[in-house]
Amino acid sequence: MLSNQQIATIFSNIADMLEIMGESKFRFLSYRRASETISELPRDLAAYVEDGTLEEIPGVGKAIADKIRELLHTGQLAYYEKLKTQVPETLVEVMKVNGVGPKKAKLFWDQLGVTTLTALQEAAAAGKLRDLPSMGAKSEAKILESIAALSRQTGRFPIGRVRPTAEAVLKELMTVEGALEGTLAGSLRRGKTTIGDVDILIASESSAPLMERFVNVPRVARVLGKGETKSSIETDSGLQIDLRVLKPSQWGTALQYFTGSKEHNIRIRELALAKGYSLNESAFTPVDADGSIIPDAPKVTCAREEEVYEFLGLPWIPPELREDSGEIEAALQGKLPNLITRADIVADLHMHTTWSDGTLSIRGMAEQAIQRGHRYICITDHSRSLGVANGLSIERLMQQHEEIQQLNEEFEGRITILHGTEMDIKADATLDFPDDVLAQLDFVIASLHVSLGQPRAQITDRLLAAIHNPHVDLIGHPSARYVPDREPVDADWDAVFDAAAKTGVALEINSNPRRLDLDAPYARRAIELGIPLCINTDAHSPTMLDDLTYGLTVARRGWVTAQHVLNAKPLPEFLTWARARGT
DNA sequence: GCCGTTTTCGGCCCGACTGTTTTCAGTCG
């Protein structure tokens with residue numbers, strides 16, 4: 001059975017191949033849109049086929065739905081196979097080279113027979129590209145450099161690696177004389193899990209000093225472009241950063257525009273057109289019925305982003321929601337969710353100490369949690385079978401219980417320490433502690449750590465076994481993925497979520513930037529099914545307690561509000577919930 | 001190829017930068 005990701009890749013390839021063939025742009029854009037939507041879906045495509053809701057997925061009409069069904073049933077697509085006889089599929093890779101689009105790819109193929117990245121590299125190295133029409137020595141050198149850059153990096157970067165770098169660059173630029181206002185925009189502002197490149201916006205009346213400083217910040221490996229309003233650099237780790245400098249009077253429209261997403265902005269501009277305005281990054285411009293600019297009609301500029309939405313009759317939409325996944329409709333109906341914030345979080349229910357593989361004592365973690373404003377925490381060290389992490393035997397677990405009781409007396413209510421465990425769901429689907437031990441704990445997390453490559457049926461059985469145990473309160477990092485280097489486990493998520501909804505077991509949004517698990521589309525599906533969530537840090541050291549911000553970002557992208565989240569509840573309310581379980 | 005409080009046909013967002021031109025096409029976001 002093909003995965004959503006595999007099918008998304010096929011549609012993306014089809015889009016690229018149609019574009020190379022010079023097909024109508026609306027046709028190939030449809031495939032690209034479908035590809036993007038499919039790769040973000042929280043359920044397997046097969047589940048939509050079963051429900052008969054395939055064509056309710058935005059961007060999936062009859063033709064693409066038919067192709068999805070064919071792919072799921074036969075594992076192949078006749079249309080795609082036929083296309084491959086007309087355009088070499090490997091040209092899709094060639095198009096990934098910076099500066100090479102569909103036209104150039106076709107040019108190299110037609111004129112030189114180049115169909116692969118390697119062939120392109122050889123042709124460029126041999127100086128064969130420079131004599132082609134509209135090419136020159138400069139373009140040839142740029143292509144060679146881009147191919148080298150491609151092999152250095154692996155595509156998108158995890159947000160946890162990008163955000164600190166981006167914030168440092170922004171901070172440095174804001175020290176330049178004349179920098180009035182500055183922010184990170186693009187996918188970073190929207191909080192995506194992985195970031196393709198960084199967009200920095202700065203409002204200033206004079207751009208030259210900013211551009212000059214920008215191309216000389218530390219760790220610049222290459223300057224990709226330098227203009228009056230936009231410059232681009234690549235850092236030594238292969239991350240691209242774009243800086244745009246704009247007039248303060250246009251700050252609102254520009255911030256809205258460069259925050260994206262592209263899909264959200266297309267909808268916003270359609271709304272503007274319906275009101276008789278063309279919208280770009282600098283203003284609303286009055287246009288007539290066929291879209292031509294009306295001469296001498298006054299433009300509307302927005303210094304604040306809220307004004308852009310206000311002008312269209314919308315409330316301000318939080319950046320995390322701007323993916324054209326229902327937020328425009330919700331805004332029009334006044335039904336935007338009141339997204340969870342840091343201020344709503346009063347507890348952290350997943351952390352480790354020196355009892356297992358953490359770096360700090362229980363007392364130390366509690367003090368750190370107090371500094372961060374938490375009212376209660378739960379100590380959840382690993383269980384006995386996880387030897388590599390110094391997992392606790394039943395005896396040590398009981399000793400830990402005593403230490404926690406003593407500490408609670410000592411802290412005199414400044415914080416409440418609950419006793420829990422992060423218990424392994426073992427490879428044979430049994431749990432690492434017996435029920436009578438679990439019954440003595442305040443809070444039980446069950447997690448997958450081993451045998452993650454098992455087939456779908458086994459992984460699903462393990463998750464279901466944990467969910468159906470009455471003492472288990474939370475499934476920790478449910479998919480066990482690492483961003484970007486370990487795929488999620490293969491499970492029947494429909495079955496897992498249904499079971500969680502029926503039993504009332506909570507699911508975790510793990511804030512560790514390597515995990516971010518559940519991811520946002522799954523979190524959104526969880527709350528739609530009424531499944532409680534927990535946003536935890538899984539901290540193994542005090543600084544990791546600050547990763548909460550990443551988990552909150554995921555939650556906000558998943559439309560999560562405070563009422564969906566267990567660790568946003570006051571302690572008595574949380575205890576009522578926890579004690580109602582396990583019976 | 002998708003989609004519909006104008007539409008089942010005829011629409012489908014916008015501009016900067018680059019390198020090659022000698023006024024613009026291609027690429028990118």
Side-chain angles (χ1 to χ4, degrees), chain A residues 11 14-16 18-20 22-35 37 54-68 79 94-108 129-143 146 185-188 195-201 207 211 223-232 240-246 250 253-254 256-274 276-285 287 289-291 293 324 329 332-333:
Chain A
F11 285 141
I14 289 175
D16 287 352
L18 289 175
E19 192 176 7
I20 290 170
E23 266 285 351
S24 144
K25 82 168 167 181
F26 301 111
R27 195 145 166 258
F28 68 73
L29 282 175
S30 299
Y31 282 100
R32 200 161 289 154
R33 166 130 199 266
S35 168
T37 309
L54 199 52
E55 287 177 48
E56 288 171 23
I57 300 171
V60 176
K62 177 154 191 337
I64 288 181
D66 282 344
K67 291 185 173 68
I68 291 171
Y79 176 77
V94 173
M95 269 178 68
K96 293 212 167 76
V97 177
N98 228 315
V100 179
K103 297 292 192 319
K104 291 273 167 64
K106 185 163 194 307
L107 178 74
F108 302 151
L129 301 185
R130 64 183 69 181
D131 298 327
L132 295 173
S134 85
M135 290 288 296
K138 227 169 171 176
S139 305
E140 186 178 78
K142 208 171 174 185
I143 283 174
S146 303
S187 55
L188 206 44
I195 307 294
D197 54 31
V198 174
D199 293 290
I200 299 179
L201 299 188
S207 76
M211 294 305 183
V223 177
L224 304 173
K226 185 165 177 251
E228 196 184 330
T229 62
K230 180 193 170 185
S231 296
S232 300
Q240 183 177 331
I241 307 181
D242 296 344
L243 169 65
R244 290 185 164 83
V245 178
L246 35 114
Q250 303 169 344
T253 40
Q256 196 286 324
Y257 183 92
F258 290 115
T259 296
S261 67
K262 192 178 61 190
E263 291 75 16
H264 174 88
N265 283 358
I266 288 172
R267 293 290 308 278
I268 291 295
R269 275 175 242 140
E270 283 170 2
L271 286 180
L273 279 177
Y277 291 87
S278 166
L279 172 63
N280 64 17
E281 65 265 42
S282 53
F284 287 97
T285 307
V287 291
D290 46 270
I293 293 171
D324 188 22
E329 291 74 9
L332 284 167
Q333 295 163 14

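Below, chain A is the first sequence line, B the second, and so on; all start at residue 1.
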Inset, instruction - Provide the distance between the two P atoms, one in B:dG26 and one in B:dT21, to the nearest whole Å. - result: 13 Å
Inset, instruction - Report which part of the nucleic acid A:L29 touches: base, sugar-phosphate, or nothing (heavy-atom distance under 4.0 Å, all strands). - result: nothing
Inset, instruction - Compare all side-chain heavy atoms of A:E281 with those of A:L246 and state whether any distance is below 4.5 angstrom. - result: no
Legend entry - Gap between atom CZ of A:R130 and atom CD of A:E140 - 0.5 Å precision: 4.5 Å
Inset, instruction - Taking only the side-chain nitrogens and oxygens of A:N98, find out if one of them lies under 4.0 Å from OP1 or OP2 of B:dC28. - result: yes
Legend entry - Minimum-distance nucleotide to A:A63 side chain [options: B:dC28, B:dG1, B:dA16]: B:dG1
Inset, instruction - Ignoring backbone atoms, test whether A:S134 places a side-chain nitrogen or oxygen under 4.0 Å from the OP1 or OP2 oxygen of B:dG19. - result: no
Inset, instruction - Check whether any side-chain N or O of A:K262 sits under 4.0 Å from OP1 or OP2 of B:dG29, and answer yes or no. - result: no
Legend entry - Under 3.5 Å donor-acceptor pair, A:Y257 side-chain atoms to B:dG15 base atoms: no
Legend entry - Side-chain touch A:L279/A:I268, heavy atoms, less than 4.5 angstrom: yes
Inset, instruction - Let me know, please, whether A:K62 or A:R244 comes out on the 5' side of the other along DNA chain B by nearest nucleotide. - result: A:K62
Inset, instruction - Using Watson-Crick or G-U wobble geometry with both distances below 3.5 Å, tell me the partner of B:dT8, or none. - result: none
Inset, instruction - Decide, applying a 5.5 Å centre-distance limit and a 30° plane-angle limit (both strict), whether A:F26 stacks on B:dC2. - result: no
Inset, instruction - Ignoring the backbone of A:T229, work out which of B:dC17, B:dC14, B:dG1 is nearest its side chain. - result: B:dC17
Inset, instruction - State whether A:K230 places a side-chain N or O below 4.0 Å from either non-bridging phosphate oxygen (OP1 or OP2) of B:dG29. - result: no
Inset, instruction - Taking the side chain as every heavy atom from C-beta outward, state whether A:D16 and A:R32 have any pair of such atoms under 4.5 Å apart. - result: yes
Inset, instruction - Nearest whole angstrom, please: distance from the P of B:dC17 to the CG of A:L224. - result: 14 Å
Legend entry - Rounded P spacing from B:dT20 to B:dT27 in Å: 13 Å
Legend entry - Nearest-nucleotide comparison on DNA chain B, the residue closer to the 5′ end among A:R33 and A:Y277: A:R33
Legend entry - Under-4.0 Å side-chain N/O to phosphate OP1/OP2 contact, A:S139 with B:dT18: no
Legend entry - Aromatic plane relationship, A:Y31 with A:F11 - under 30° parallel, 30 to 60° tilted, over 60° perpendicular: tilted
